[in-house]
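Here the structure is a predicted model, which means the values were calculated and not measured. Values below: all heavy atoms of this structure, side chains included; hydrogens, waters and symmetry mates excluded.
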Amino acid sequence: MDPTTDNAGTAGDPDSARASLEALRAEIAKAVVGQDPAVTGLVVALLCRGHVLLEGVPGVAKTLLVRALASALELDTKRVQFTPDLMPSDVTGSLVYDTRTAEFSFQPGPVFTNLLLADEINRTPPKTQSSLLEAMEERQVTVDGTPRLLPDPFLVAATQNPVEYEGTYPLPEAQLDRFLLKLTIPLPSRQDEIDVLTRHAEGFNPRDLKAAGVRPVAGPADLEAARAAVAKTTVSPEITAYVVDICRATRESPSLTLGVSPRGATALLATSRAWAWLTGRDYVIPDDVKALALPTLRHRVQLRPEAEMEGVTPDSVINAILAHVPVPR
């Protein structure tokens, strides 16, 4: 993406960048009904240079959400449908022999984009799943020993179906930990579903976002200005200790076999700072930590089998911990 777009004028203005990012909700709402928390989560991930795991049943507009976000941010996006026969080179790219020059040239894969939608990531074997690890962690892919940088910004939005497990390969804990957030996409409320059907009856085409009125309201320059402002958001020692106490409590929970790692604690601190800045503050308060605790931590813990049989969920464990860990004053 060329940084010399119309949004470049806000590159040094955090307030303008915040206003532009806040406008995303209204813009995406022209295509997606009732998913404000997911939109906010994706923006937080972009600000933290993280990645997002989207979980929801088929048909709740996960793909449309990512496409609408890309349109509203003027970013390039690509989609990969993960299947059991997908190869790593289908994601990262490969060397292709050119008979005219008698040389190999690199053919970039779909990972070379700003927003990569990895659809049903748990339907592909671990070898292909792991092909994303280097891209997610190092912002590059290595083919034939040569590292190739990915564009910036770069975000992987991976989806998985929470109810259909036949023929799937659950993501290992090490890869789950690479996702900054896990966002659950719920079924719409009755009124939201009526609004969706009304739009379709009036001619809404989810494949034509321009016709739906979705236009760019922010860009890469806004993201850069926002990231710089988030980096300056103040975190007091008391808030840092609060984050650590929450994460350490997960490691001591009798319902869990795996608690949150130090990487998870770092992620919670980062998302809390981004949320604090988005809400108009240059310092973090305990409510910021609480607001981001579930999406940041729910995929980093593992339930004991007996707790799972009793109906305990990661969210209920984390909520119980938030209720018991002393809040700094």
Query raised in the report: Hey, is the main chain of A265 close enough, under 3.5 Å, to the side chain of R300 for a donor-acceptor pair?
Result: no

Report task. May I ask you to decide if L268's main-chain N or O and T271's side chain share a donor-acceptor pair within less than 3.5 Å? Result -> yes

Report task. Find out whether V60 and L187 are in side-chain contact, i.e. whether some heavy atom of one side chain is under 4.5 Å from a heavy atom of the other. Result -> yes

Query raised in the report: Less than 4.5 Å apart, any side-chain heavy atom of T184 and any of D315?
Result: no

Query raised in the report: With a 3.5 Å cut-off and no angle check, do the side chains of R281 and T279 form a donor-acceptor pair?
Result: yes

Query - D76 CG to N114 CG distance, which is reported to the nearest 0.5 Å - result: 5.5 Å

Query raised in the report: Which ILVMFWY residues can you reach from M309 by hopping between side chains whose heavy atoms are under 4.5 Å apart?
Result: none

Query raised in the report: With the threshold set at 4.0 Å, does a side-chain nitrogen-carboxylate oxygen contact exist between D245 and R248?
Result: no

Query raised in the report: Is a side-chain donor or acceptor of T113 paired with a backbone partner of P110 at a separation under 3.5 angstrom?
Result: no

Requested in this report: Nearest 0.5 Å please: distance from the CG atom of D222 over to the CD atom of E224.
Outcome: 10.5 Å

Query raised in the report: D36: what forms a side chain to side chain contact (heavy atoms under 4.5 Å, CB included) with it, not counting sequence neighbours?
Result: R25

Query - Cluster link V91 to M87, ILVMFWY, side chain under 4.5 Å - result: no

**Report entry** Same apolar cluster (I L V M F W Y, side chains within < 4.5 Å links), V66/M136
**Finding:** no

Requested in this report: Verify the distance criterion only: is there a donor paired with an acceptor across the side chains of D85 and T83 at less than 3.5 Å?
Outcome: yes

Report task. Any chance you could measure R304, atom CZ, to S255, atom OG, to the nearest 0.5 Å? Result -> 8.5 Å

Requested in this report: Go through the structure and list residues passing side chain to side chain contact (heavy atoms under 4.5 Å, CB included) with K30, not counting sequence neighbours.
Outcome: E27, V214, R215

Query - P206 side chain near H200 side chain, heavy-atom distance below 4.5 Å - result: yes

Query raised in the report: Can you list the steps and then say if L21 with L223 is a side-chain contact (heavy atoms from CB on, under 4.5 Å)?
Result: CA-CA 8 Å; L21 294 177; L223 286 175; 4.1 Å; yes

Requested in this report: Output, in order, the C-alpha distance, side-chain angles, deciding distance and verdict of side-chain contact (heavy atoms from CB on, under 4.5 Å) for L297 and I246.
Outcome: CA-CA 10 Å; L297 303 182; I246 290 171; 4.1 Å; yes

Query raised in the report: When rounded to the nearest 0.5 angstrom, what distance separates CD1 in I121 from OG1 in T159?
Result: 8.5 Å

Query raised in the report: Would V235 and L47 show up in the same hydrophobic cluster when neighbours are defined by side-chain heavy atoms closer than 4.5 Å?
Result: yes

Query raised in the report: So, the side chain of E74 versus the backbone of P220: is there a donor-acceptor pair under 3.5 Å, distance only?
Result: no

Report task. May I ask you to check if R148 and F112 form a cation-pi contact, with NZ or CZ under 6.0 angstrom from the six-membered ring centre and within 45° of the axis? Result -> no

Query raised in the report: Does any non-hydrogen side-chain atom of K290 lie less than 4.5 Å from one of V327?
Result: yes

Query raised in the report: CD/E55 to CD1/I185 distance, rounded to the nearest 0.5 angstrom?
Result: 9.5 Å

**Report entry** pair V301-V317: side-chain heavy atoms closer than 4.5 Å
**Finding:** no

Query raised in the report: Is R67 close to R79 at the side-chain level, that is, under 4.5 Å between some pair of heavy atoms?
Result: no

Query raised in the report: Side chains of Q302 and T257: donor-acceptor distance under 3.5 Å anywhere?
Result: yes

Query raised in the report: Under a 4.5 Å side-chain heavy-atom rule over Ile, Leu, Val, Met, Phe, Trp and Tyr, are V111 and L117 clustered together?
Result: no

Query raised in the report: Taking it one step at a time, do V196 and F204 satisfy side-chain contact (heavy atoms from CB on, under 4.5 Å)?
Result: CA-CA 9 Å; V196 171; F204 170 70; over 6 Å; no

Query - Side-chain heavy atoms of L116 within contact of L132, under 4.5 Å - result: yes

Query raised in the report: Would L53 and I318 show up in the same hydrophobic cluster when neighbours are defined by side-chain heavy atoms closer than 4.5 Å?
Result: no

**Report entry** T250 side chain vs V260 backbone, donor-acceptor pair below 3.5 Å
**Finding:** yes

Query raised in the report: Is S94 reaching over with its side chain to a backbone N or O of D90, donor-acceptor style, under 3.5 angstrom?
Result: no

Query raised in the report: Any donor and acceptor pair, going by atom type alone, linking the side chain of T146 with main-chain N or O of T142 inside 3.5 Å?
Result: no

Query raised in the report: What residues form a salt bridge (charged side-chain N to carboxylate O under 4.0 Å, His left out) with E137, not counting sequence neighbours?
Result: R178

Report task. Would you mind reporting whether E138 and P147 have side-chain heavy atoms less than 4.5 Å apart? Result -> no

Query raised in the report: Taking only residues two or more places apart in sequence or in another chain, which ones pass ring pair (Phe, Tyr, Trp, His ring centres under 6.0 Å) with H51?
Result: F154

Query raised in the report: Hey, does the side chain of T128 reach the backbone of L86 with a donor-acceptor pair shorter than 3.5 angstrom?
Result: yes

**Report entry** Results of ring pair (Phe, Tyr, Trp, His ring centres under 6.0 Å) for Y283 - residues two or more places apart only
**Finding:** none

**Report entry** From L42 atom CG to L115 atom CG, the distance as rounded to the nearest 0.5 Å
**Finding:** 8.0 Å

Query raised in the report: Is there a donor-acceptor contact under 3.5 Å from the side chain of K62 to the main chain of V57?
Result: yes

**Report entry** Heavy-atom donor-acceptor pair, R18 side chain to W277 backbone, under 3.5 Å
**Finding:** yes

